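A short worksheet on the structure shown next.
For clarity, every value in this text was computed on a predicted model and none was experimentally measured. Whatever order the structure lists them in is the order used to number ligands and atoms, beginning at 1.
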Amino acid sequence: MALVPFDDRDGWIWLDGAFVPWRDAQLHVLSHGLHYASGVFEGERAYSGHIFKLRAHTERLIESGRILGFEIPWTAEEIDAACRETLARNGLTDAYVRPLAWRGAEQLSVSAQQTKIHLAIATWAWPNLFGADRMKGVRLAWAKWKRPHPETAPTASKAAGLYMIGTLSKHHAEAEGFDDALMLDWKGDISEATGANVFLVIDGELHTPTPVNFLDGITRRTVMALARTRQIKVVERTIPQADLARASEVFLVGTAAEVTPVRQVADLHFTPAAITETLLKDYEALVRMPPEGVAVRAA
Ligand code: PMP
């Protein structure tokens with residue numbers, strides 16, 4: 001399928017409080033965000049017209065900016081409303097939503113105290129990449145790069161700069177014929193994939209790394225709650241790389257990835273089975289449930 005460039009599409013982008021035609025949503029090349037990665041973003045999904053866990057994403061966006069030392073000049077209520085309006089304005093109901101905040105061009109040096117903070121929101125159709133074939137699972141390589149110590153980088157922020165090691169790791173994995181990379185942390189323990197968190201099924205229990213050096217994903221927390229509802233024991237712990245060999249099932253979770261089974265990590269093979277399938281289906285059902293407070297009209 002031909003790639004439609006992201007700067008040459010029809011539609012509307014919310015930019016600093018107003019809708020601008022998609023192709024006009026431009027910024028100056030001397031923007032601080034571009035040179036020094038002083039940007040934070042979110043990835044959200046709308047299902048049947050509702051953005052799943054919108055407020056949690058908005059709060060994380062605001063907090064990501066604070067971790068990088070800036071305050072987004074919009075309230076959570078305003079950002080929520082802008083995300084919803086962007087979806088509606090583009091006539092989409094099932095789509096990915098991407099808010100992005102960054103430092104402007106007022107100052108171009110390591111110090112950026114005088115920069116203005118910008119906010120943009122775009123949305124586009126982005127169906128799950130694996131569709132009906134999802135239970136077959138994806139293939140992961142071990143990443144070349146390690147997740148840094150939380151005192152080395154602001155790892156709790158969804159900061160654009162942190163995706164540098166993600167892109168390098170993903171490109172390396174793709175060059176070797178894999179779908180994605182599984183990253184270790186600086187100690188050599190299992191961390192996450194380049195854009196999704198990871199779960200292992202060991203002896204019927206669900207094991208996932210403690211989020212000390214990576215994003216405590218909203219999908220991750222949702223899937224943990226779904227597992228507990230199913231009486232599946234959830235264990236958050238440091239997971240040494242060698243423990244992967246003990247896993248009977250492995251899967252990734254994230255807003256874009258949803259629940260994605262894994263069938264291979266380097267030379268280890270897995271067969272996605274009952275626990276993965278149950279949680280995948282439970283997640284699919286949950287995201288399509290009307291949010292609280294929205295009346296469901298009787299037929
Ligand atoms: N880790 C990384 C590096 C990510 O980019 C994402 C996607 N935002 C996640 C984990 C999963 O987070 P969430 O479930 O909140 O989308």
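Counting atoms of ligand 1 from 1 in the listed order, those under 4.0 Å from a heavy atom of N197 are 10 (C), 11 (C). Heavy-atom proximity to T255, at under 4.0 Å, picks out these atoms of ligand 1: 13 (P), 14 (O), 16 (O).
Side-chain contact check for H57 and E42: at least one donor-acceptor pair (N or O, by modelled atom type) lies under 3.5 Å. Side-chain polar atoms of R263 and H269 form no donor-acceptor pair below 3.5 angstrom. Of the N and O atoms on the side chains of S38 and H32, at least one donor lies less than 3.5 Å from an acceptor on the other residue.
The main-chain N or O of V259 is found under 3.5 Å from a side-chain atom of R134 such that the two form a donor-acceptor pair.
No part of L162 comes within 4.0 Å of ligand 1, judged by heavy-atom distances. Of all the heavy atoms of A256, none lies under 4.0 Å from any atom of ligand 1, so neither backbone nor side chain is involved. At a heavy-atom distance under 4.0 Å, only side-chain atoms of Y163, from C-beta outward, approach ligand 1. Heavy atoms of R60 found under 4.0 angstrom from ligand 1 belong exclusively to the side chain.
When only non-hydrogen protein atoms are considered, atom 6 (C) of ligand 1 lies nearest to G195 O, 3.3 Å. Scanning the protein heavy atoms around atom 10 (C) of ligand 1, the nearest turns out to be E192 OE1, 3.3 Å. Of the protein's non-hydrogen atoms, the one nearest atom 8 (N) of ligand 1 is K158 NZ, 2.7 Å. Considering only non-hydrogen protein atoms, atom 14 (O) of ligand 1 sits nearest to T219 OG1, 2.6 Å. Atom 12 (O) of ligand 1 has its closest protein heavy atom at G217 CA, 3.5 Å.
Contact between G166 and ligand 1 is absent, with no heavy atom of the residue lying under 4.0 Å from the ligand. Residue D216 places every heavy atom at 4.0 Å or more from ligand 1.
Remark: R60 does not engage D216 in a salt bridge, criterion side-chain N to carboxylate O under 4.0 Å.
For K187, the NZ atom is densely surrounded, since the number of other residues' heavy atoms within 6.0 Å is greater than 12.
Between V40 and S157 the shortest heavy-atom distance is CG1-OG, 3.7 Å. Scanning all heavy atoms of the two residues, the minimum distance from A257 to N128 falls at O-ND2, 3.3 Å.
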